[in-house]
Student: 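Below: one structure in C-alpha coordinates.
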Amino acid sequence: MLEYLGGKRTRLDWPLDLRLARSDFQREVLRATAAVPYGAVTSYLGIAGEIGQGSAVRAVAQALRHNPLPIVVPCHRIVGASGDLTGYAGSRLGLKEQLLAVEGVRTEHTPKPRVNRQALYHYDPNEEHMYCLPTCGSIAERPIGRVTLFASRARAETVGLVPCTDCRPDLHPI
(Lines give C-alpha, C1' and ligand atoms only; values in the text may rest on other atoms or scores of the structure.)
Protein backbone atom coordinates (compact mmCIF):
# COMPACT_ATOMS: atom_id res chain seq x y z
CA MET A 1 0.00 0.00 0.00
CA LEU A 2 2.81 2.43 0.84
CA GLU A 3 4.38 1.76 -2.57
CA TYR A 4 1.09 2.77 -4.22
CA LEU A 5 0.73 5.94 -2.13
CA GLY A 6 4.32 6.84 -2.97
CA GLY A 7 3.62 6.42 -6.70
CA LYS A 8 5.99 3.44 -6.96
CA ARG A 9 3.45 0.66 -7.56
CA THR A 10 1.16 1.26 -10.51
CA ARG A 11 -0.28 -2.22 -10.97
CA LEU A 12 -1.01 -5.37 -9.08
CA ASP A 13 0.70 -8.57 -10.08
CA TRP A 14 -1.60 -11.09 -8.47
CA PRO A 15 -5.02 -12.42 -9.42
CA LEU A 16 -8.02 -10.86 -7.71
CA ASP A 17 -10.19 -13.06 -5.53
CA LEU A 18 -13.68 -11.64 -6.06
CA ARG A 19 -15.58 -14.20 -3.98
CA LEU A 20 -16.57 -11.38 -1.62
CA ALA A 21 -18.67 -9.83 -4.38
CA ARG A 22 -22.39 -9.89 -3.67
CA SER A 23 -23.45 -11.08 -7.14
CA ASP A 24 -22.24 -12.02 -10.60
CA PHE A 25 -23.12 -8.49 -11.73
CA GLN A 26 -20.94 -6.95 -9.03
CA ARG A 27 -18.10 -9.34 -9.96
CA GLU A 28 -18.27 -8.11 -13.57
CA VAL A 29 -18.28 -4.48 -12.43
CA LEU A 30 -15.29 -5.12 -10.16
CA ARG A 31 -13.35 -6.88 -12.95
CA ALA A 32 -14.00 -4.02 -15.38
CA THR A 33 -13.06 -1.45 -12.74
CA ALA A 34 -9.86 -3.32 -11.89
CA ALA A 35 -8.88 -3.03 -15.57
CA VAL A 36 -8.93 0.80 -15.51
CA PRO A 37 -5.22 1.66 -15.59
CA TYR A 38 -3.27 3.62 -13.00
CA GLY A 39 -3.39 7.33 -13.82
CA ALA A 40 -6.63 7.04 -15.79
CA VAL A 41 -10.32 7.65 -15.16
CA THR A 42 -13.48 6.56 -16.88
CA SER A 43 -17.17 6.91 -16.08
CA TYR A 44 -19.81 4.72 -14.52
CA LEU A 45 -21.42 4.74 -17.98
CA GLY A 46 -18.14 3.49 -19.45
CA ILE A 47 -18.02 0.59 -16.99
CA ALA A 48 -21.68 -0.24 -17.72
CA GLY A 49 -20.88 -0.34 -21.44
CA GLU A 50 -17.74 -2.39 -20.83
CA ILE A 51 -19.77 -5.16 -19.18
CA GLY A 52 -22.50 -5.04 -21.82
CA GLN A 53 -25.07 -3.36 -19.56
CA GLY A 54 -25.11 0.15 -21.05
CA SER A 55 -28.23 1.30 -19.21
CA ALA A 56 -27.16 -0.02 -15.79
CA VAL A 57 -25.25 3.09 -14.71
CA ARG A 58 -26.91 3.33 -11.29
CA ALA A 59 -26.46 -0.40 -10.70
CA VAL A 60 -22.75 -0.01 -11.51
CA ALA A 61 -22.52 2.82 -8.98
CA GLN A 62 -24.23 0.68 -6.35
CA ALA A 63 -21.94 -2.26 -7.09
CA LEU A 64 -18.93 -0.01 -6.56
CA ARG A 65 -20.49 1.44 -3.43
CA HIS A 66 -20.09 -2.03 -1.92
CA ASN A 67 -16.59 -2.62 -3.31
CA PRO A 68 -14.97 -5.11 -0.89
CA LEU A 69 -11.45 -4.23 -2.14
CA PRO A 70 -11.12 -0.43 -2.42
CA ILE A 71 -7.86 0.81 -3.96
CA VAL A 72 -7.13 -2.75 -5.12
CA VAL A 73 -10.26 -2.49 -7.28
CA PRO A 74 -9.76 1.23 -7.99
CA CYS A 75 -13.28 2.61 -7.82
CA HIS A 76 -11.72 6.03 -7.19
CA ARG A 77 -10.92 6.01 -10.95
CA ILE A 78 -14.63 5.99 -11.85
CA VAL A 79 -16.35 9.37 -12.21
CA GLY A 80 -19.67 10.73 -13.40
CA ALA A 81 -20.25 11.17 -17.15
CA SER A 82 -19.82 14.93 -16.66
CA GLY A 83 -16.44 14.39 -14.99
CA ASP A 84 -17.77 15.08 -11.49
CA LEU A 85 -16.18 13.12 -8.66
CA THR A 86 -19.13 11.27 -7.25
CA GLY A 87 -19.90 8.57 -4.74
CA TYR A 88 -16.75 7.57 -2.93
CA ALA A 89 -16.97 5.89 0.48
CA GLY A 90 -20.17 7.73 1.26
CA SER A 91 -19.26 11.40 1.24
CA ARG A 92 -15.46 11.13 1.15
CA LEU A 93 -14.87 12.82 -2.20
CA GLY A 94 -11.76 14.47 -0.76
CA LEU A 95 -10.22 11.02 -0.38
CA LYS A 96 -11.14 10.15 -3.98
CA GLU A 97 -9.49 13.39 -5.10
CA GLN A 98 -6.35 12.60 -3.08
CA LEU A 99 -6.06 9.09 -4.57
CA LEU A 100 -6.43 10.50 -8.08
CA ALA A 101 -3.77 13.11 -7.28
CA VAL A 102 -1.36 10.32 -6.26
CA GLU A 103 -1.85 8.93 -9.78
CA GLY A 104 -1.35 12.33 -11.43
CA VAL A 105 -5.00 12.90 -12.39
CA ARG A 106 -5.69 16.62 -11.99
CA THR A 107 -8.99 17.88 -10.67
CA GLU A 108 -10.69 21.24 -10.37
CA HIS A 109 -13.57 22.71 -8.34
CA THR A 110 -16.22 24.31 -10.58
CA PRO A 111 -18.03 24.43 -8.05
CA LYS A 112 -18.00 20.67 -7.43
CA PRO A 113 -14.82 18.61 -7.57
CA ARG A 114 -14.34 17.15 -11.04
CA VAL A 115 -11.56 15.91 -13.28
CA ASN A 116 -9.84 18.66 -15.21
CA ARG A 117 -10.43 17.40 -18.76
CA GLN A 118 -8.26 20.16 -20.24
CA ALA A 119 -5.27 18.74 -18.35
CA LEU A 120 -5.82 15.10 -19.39
CA TYR A 121 -5.27 13.05 -22.54
CA HIS A 122 -8.42 11.56 -24.05
CA TYR A 123 -9.02 8.11 -25.49
CA ASP A 124 -12.34 7.50 -27.19
CA PRO A 125 -12.16 3.85 -28.33
CA ASN A 126 -11.14 3.68 -31.99
CA GLU A 127 -9.67 1.07 -34.34
CA GLU A 128 -6.30 2.83 -34.49
CA HIS A 129 -5.97 2.94 -30.66
CA MET A 130 -5.07 6.64 -30.80
CA TYR A 131 -5.27 9.00 -27.85
CA CYS A 132 -5.83 12.74 -28.25
CA LEU A 133 -5.35 16.17 -26.79
CA PRO A 134 -8.52 17.55 -25.18
CA THR A 135 -8.73 20.05 -28.05
CA CYS A 136 -9.00 17.39 -30.78
CA GLY A 137 -12.32 17.69 -32.59
CA SER A 138 -15.28 17.77 -30.22
CA ILE A 139 -13.94 15.22 -27.75
CA ALA A 140 -13.88 17.59 -24.76
CA GLU A 141 -17.48 18.72 -25.28
CA ARG A 142 -18.88 15.19 -25.20
CA PRO A 143 -19.81 13.46 -21.94
CA ILE A 144 -17.05 11.16 -20.75
CA GLY A 145 -19.19 8.08 -21.37
CA ARG A 146 -16.81 5.54 -22.92
CA VAL A 147 -13.89 7.99 -23.00
CA THR A 148 -10.92 7.17 -20.78
CA LEU A 149 -8.85 10.09 -19.57
CA PHE A 150 -5.13 9.70 -18.88
CA ALA A 151 -2.93 11.79 -16.60
CA SER A 152 0.02 11.60 -18.99
CA ARG A 153 1.12 10.48 -22.44
CA ALA A 154 3.26 7.83 -20.76
CA ARG A 155 0.21 6.34 -19.03
CA ALA A 156 -1.71 6.20 -22.32
CA GLU A 157 1.22 4.63 -24.14
CA THR A 158 1.79 2.09 -21.35
CA VAL A 159 -1.55 0.48 -22.28
CA GLY A 160 -0.67 0.38 -25.99
CA LEU A 161 -2.22 3.61 -27.23
CA VAL A 162 -0.51 5.74 -29.86
CA PRO A 163 -0.64 9.52 -30.45
CA CYS A 164 -3.43 10.85 -32.67
CA THR A 165 -2.17 11.76 -36.15
CA ASP A 166 -4.42 14.85 -36.25
CA CYS A 167 -3.83 16.64 -32.94
CA ARG A 168 -0.34 15.15 -32.37
CA PRO A 169 -0.20 14.96 -28.56
CA ASP A 170 3.38 13.75 -28.95
CA LEU A 171 4.37 17.11 -30.47
CA HIS A 172 2.03 19.38 -28.51
CA PRO A 173 1.88 18.06 -24.95
CA ILE A 174 -0.55 19.43 -22.39
Student: Clusters formed by hydrophobic residues whose side-chain heavy atoms approach within less than 4.5 Å: which one holds Ile139, and what are its other members?
Tutor: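 For Ile139, no cluster forms, as it stays isolated from other hydrophobic side chains.
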Student: I'd like to check Arg77 versus Thr42 (side-chain heavy atoms, cut-off strictly below 4.5 Å). Are they in contact?
Tutor: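 The answer is no, as the side chains (C-beta and beyond) never meet within the 4.5 Å cut-off.
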Student: Using every non-hydrogen atom in the two residues, find where Pro74 and Ala34 come nearest and quote the distance to one decimal.
Tutor: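 Smallest heavy-atom distance, with atoms named: CD-CA, 3.7 Å.
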Student: Hey, does Val36 have a side-chain heavy atom less than 4.5 Å from the side chain of Ile47?
Tutor: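 Yes. Closest side-chain heavy atoms under 4.5 Å.
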Student: With rounding to the nearest 0.5 Å, note down the distance linking OH in Tyr38 to CD in Glu103.
Tutor: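 One gets 5.0 Å once the value is rounded to the nearest 0.5 Å.
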Student: With under 30° as parallel and over 60° as perpendicular, where do the rings of His129 and Tyr123 fit, or are they tilted in between?
Tutor: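 Rings of His129 and Tyr123: parallel, under 30°.
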Student: About how many Å separate CG of Leu149 and CD1 of Ile144, when rounded to the nearest 0.5 Å?
Tutor: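 Ile144 CD1 to Leu149 CG: 5.0 Å, rounded to 0.5 Å.
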Student: If two hydrophobic side chains count as joined below 4.5 Å and joins carry through other members, does Val159 share a cluster with Val147?
Tutor: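 No, because Val159 and Val147 fall into different hydrophobic clusters, even though each may have its own neighbours under 4.5 Å.
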Student: Checking Leu45 against Arg146 for the side chain to side chain contact (heavy atoms under 4.5 Å, CB included) test, could you report, in this order, the C-alpha distance in whole Å, the side-chain angles of both residues, the deciding distance, and whether it holds?
Tutor: CA-CA 7 Å; Leu45 178 61; Arg146 298 273 327 257; 5.9 Å; no
Student: If I take atom CG from residue Leu133 and atom CZ from residue Arg153, how far apart are they, to the nearest 0.5 angstrom?
Tutor: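 These two atoms lie 9.5 Å from each other.
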Student: Is the shortest side-chain heavy-atom distance between Val41 and Ile78 below 4.5 Å?
Tutor: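 Result no, sub-4.5 Å side-chain heavy-atom pair not found.
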Student: Examine distances only and state if a side-chain atom of Thr107 and a backbone atom of Pro113 form a donor-acceptor pair shorter than 3.5 Å.
Tutor: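 Between the backbone of Pro113 and the side chain of Thr107 there is no qualifying donor-acceptor contact (under 3.5 Å).
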Student: Report the C-alpha distance between Ile51 and Phe25 in whole Å, list the side-chain angles of each, state the deciding distance to 0.1 Å, and finish with yes or no for side chain to side chain contact (heavy atoms under 4.5 Å, CB included).
Tutor: CA-CA 9 Å; Ile51 65 169; Phe25 177 82; 3.6 Å; yes
Student: The test is side chain to side chain contact (heavy atoms under 4.5 Å, CB included); show your working for Val60 and Gln53 and say whether it passes.
Tutor: CA-CA 9 Å; Val60 166; Gln53 302 284 331; 6.0 Å; no
Student: Can you name the nearest heavy-atom pair linking Val115 to Glu108, along with the distance?
Tutor: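 Scanning both residues completely, I find the closest heavy atoms to be O-OE2, 3.9 Å.
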Student: Tyr131 and side chain to side chain contact (heavy atoms under 4.5 Å, CB included): which single residue from Cys167, Cys164, Pro169 fits?
Tutor: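 For Tyr131, the side chain to side chain contact (heavy atoms under 4.5 Å, CB included) test succeeds with only one of Cys167, Cys164, Pro169, which is Pro169.
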Student: If I take atom CG from residue Leu100 and atom CG from residue Leu95, how far apart are they, to the nearest 0.5 angstrom?
Tutor: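 With rounding to 0.5 Å, CG (Leu100) is 9.5 Å from CG (Leu95).
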Student: Quick one: are Val79 and Asp84 in side-chain contact, heavy atoms under 4.5 Å?
Tutor: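 With C-beta onward as the side chain, the pair stays apart.
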Student: Are the side chain of Asn116 and the backbone of Leu120 linked by a donor-acceptor contact shorter than 3.5 Å?
Tutor: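 No, the answer is negative, given that no donor and acceptor are paired below the 3.5 Å cut-off.
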Student: If you take all heavy atoms of His76 and Leu99, which pair is closest and at what distance?
Tutor: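 The answer is CD2-CB, 3.6 Å.
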Student: Please evaluate residues Leu69 and Leu30 with respect to the criterion side chain to side chain contact (heavy atoms under 4.5 Å, CB included), reporting the C-alpha separation (whole Å), side-chain torsions for both, the decisive distance (0.1 Å), and the verdict.
Tutor: CA-CA 9 Å; Leu69 302 166; Leu30 295 174; over 6 Å; no
Student: With no hydrogens and no angle check, is any side-chain donor or acceptor of Arg106 less than 3.5 Å from a backbone partner on Ala119?
Tutor: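 Pair found, side chain donor or acceptor close to backbone of Ala119.
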Student: Quick check for you: to the nearest 0.5 Å, what is the distance between Glu50 atom CD and Thr148 atom OG1?
Tutor: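 Separation between the atoms: 8.5 Å.
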Student: Would a 4.5 Å heavy-atom cut-off, applied to side chains only, mark Val105 and Phe150 as touching?
Tutor: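 Val105 does not reach Phe150 side chain to side chain.
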Student: Which distance, rounded to the nearest 0.5 Å, do you find between the OG of Ser138 and the CG of Asp124?
Tutor: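 Interatomic distance, Ser138 OG to Asp124 CG, rounded to 0.5 Å: 9.0 Å.
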Student: What pairs with Glu28 under side-chain hydrogen bond (donor to acceptor under 3.5 Å, both in side chains), at least two apart in sequence or on another chain?
Tutor: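 Here the qualifying residues are Arg31.
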Student: Check whether any side-chain heavy atom of Arg114 sits under 4.5 Å from a side-chain heavy atom of Ser82, and report yes or no.
Tutor: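 Result yes, sub-4.5 Å side-chain heavy-atom pair found.
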Student: Should we count CZ of Arg142 as having more than 12 external heavy atoms under 6.0 Å?
Tutor: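 Yes, because the 6.0 Å sphere around CZ of Arg142 holds more than 12 heavy atoms from other groups.
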Student: Does any non-hydrogen side-chain atom of Arg117 lie less than 4.5 Å from one of Pro134?
Tutor: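 Result no, sub-4.5 Å side-chain heavy-atom pair not found.
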Student: Between His66 and Leu64, is there a side-chain heavy-atom distance shorter than 4.5 Å?
Tutor: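 In short, these two side chains do not touch, never coming nearer than 4.5 Å.
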